[in-house]
J.: 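Below: one structure in structure tokens.
Every heavy atom of this structure was used, including side-chain atoms; hydrogens, water molecules and symmetry mates were not.
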Amino acid sequence: MAEVKHHHHLFHHKKEPAEVDYAKEEKHHKHKEHLAKLGTLAAGTYALHEKHQSKKDPKNAHKHKIKEEIAAVVAVGSVGFAFHEHHEKKAARKERKSHGHH
């Protein structure tokens, strides 16, 4: 009996790349930028709260100082992420305009 070989192809259908919705992409980056700004505000507020707590509660000042420093790092990271998303949003807007979408 002849042996039957079956070939399984993972990529046997070639699809055209979908058209990118630049307006949707721009809106998505704008949303992420807003969330990052809110995160910055929240982390900054928490850092100030912990700074106040370390003065109010000198017995646990070290614990509050550590929390303040962590919150400050989170705030700085959020600023960086917001900055990144702002530029991604601008790039999407530029792409949208260059492709004739308004």
Side-chain angles (χ1 to χ4, degrees):
M1 272 201 118
E3 187 177 321
V4 178
K5 289 188 178 186
H6 294 281
H7 295 282
H8 296 283
H9 297 283
L10 294 174
F11 304 104
H12 56 237
H13 294 291
K14 194 168 190 171
K15 295 181 180 180
E16 293 299 315
E19 188 173 321
V20 179
D21 185 346
Y22 293 106
K24 187 175 180 180
E25 191 173 319
E26 180 184 345
K27 188 175 180 181
H28 177 70
H29 290 298
K30 183 177 183 180
H31 178 71
K32 287 168 76 174
E33 179 186 357
H34 283 262
L35 288 176
K37 286 178 180 177
L38 284 174
T40 302
L41 182 64
T45 301
Y46 186 74
L48 289 174
H49 167 75
E50 287 300 326
K51 184 175 187 136
H52 177 73
Q53 289 297 102
S54 69
K55 290 177 182 173
K56 209 170 99 172
D57 182 16
K59 192 171 81 173
N60 294 308
H62 182 71
K63 178 180 76 172
H64 293 296
K65 189 70 179 163
I66 290 170
K67 288 181 179 180
E68 175 193 346
E69 289 173 2
I70 291 169
V73 169
V74 170
V76 169
S78 294
V79 167
F81 184 67
F83 188 73
H84 167 76
E85 287 303 323
H86 178 74
H87 283 282
E88 290 294 313
K89 178 184 72 175
K90 282 176 66 173
R93 182 179 298 145
K94 188 176 179 182
E95 280 294 317
R96 180 170 52 107
K97 287 181 180 177
S98 73
H99 284 90
H101 303 285
H102 296 284

J.: Would you call K30 and E33 a salt bridge, using N to O less than 4.0 angstrom?
T.: no
J.: Step by step, work out the side chain to side chain contact (heavy atoms under 4.5 Å, CB included) result for E68 and H64.
T.: CA-CA 6 Å; E68 175 193 346; H64 293 296; over 6 Å; no
J.: Please check if any side-chain donor atom of E26 sits under 3.5 Å from a side-chain acceptor atom of Y22, or the reverse.
T.: no
J.: Side-chain contact test, heavy atoms from C-beta onward, threshold under 4.5 Å: evaluate it for E85 versus K89 and give yes or no.
T.: no
J.: Decide side chain to side chain contact (heavy atoms under 4.5 Å, CB included) for K94 and K97; before the verdict, give the C-alpha distance in whole Å, the side-chain angles of both, and the deciding distance to 0.1 Å.
T.: CA-CA 5 Å; K94 188 176 179 182; K97 287 181 180 177; 6.0 Å; no
J.: Should the pair Y46 and H49 be assigned to parallel (<30°), tilted (30 to 60°) or perpendicular (>60°) ring geometry?
T.: tilted
J.: Which distance, rounded to the nearest 0.5 Å, do you find between the CD1 of I70 and the NZ of K65?
T.: 12.5 Å
J.: If you compare all heavy atoms of A61 against all heavy atoms of S54, which two are closest, and at what distance to 0.1 Å?
T.: CB-O, 3.6 Å
J.: Rounded to the nearest 0.5 Å, how far does NE2 of H28 lie from CG of D21?
T.: 12.0 Å
J.: Drop me the distance from H86's NE2 to H34's NE2, to the nearest 0.5 angstrom.
T.: 10.5 Å
J.: Kindly indicate whether the side chain of I66, heavy atoms from C-beta on, has any atom under 4.5 Å from the side chain of H62.
T.: yes
J.: If you take all heavy atoms of A75 and G44, which pair is closest and at what distance?
T.: CB-N, 4.1 Å
J.: State the NE2-CD distance between H84 and E88, to the nearest 0.5 angstrom.
T.: 4.0 Å
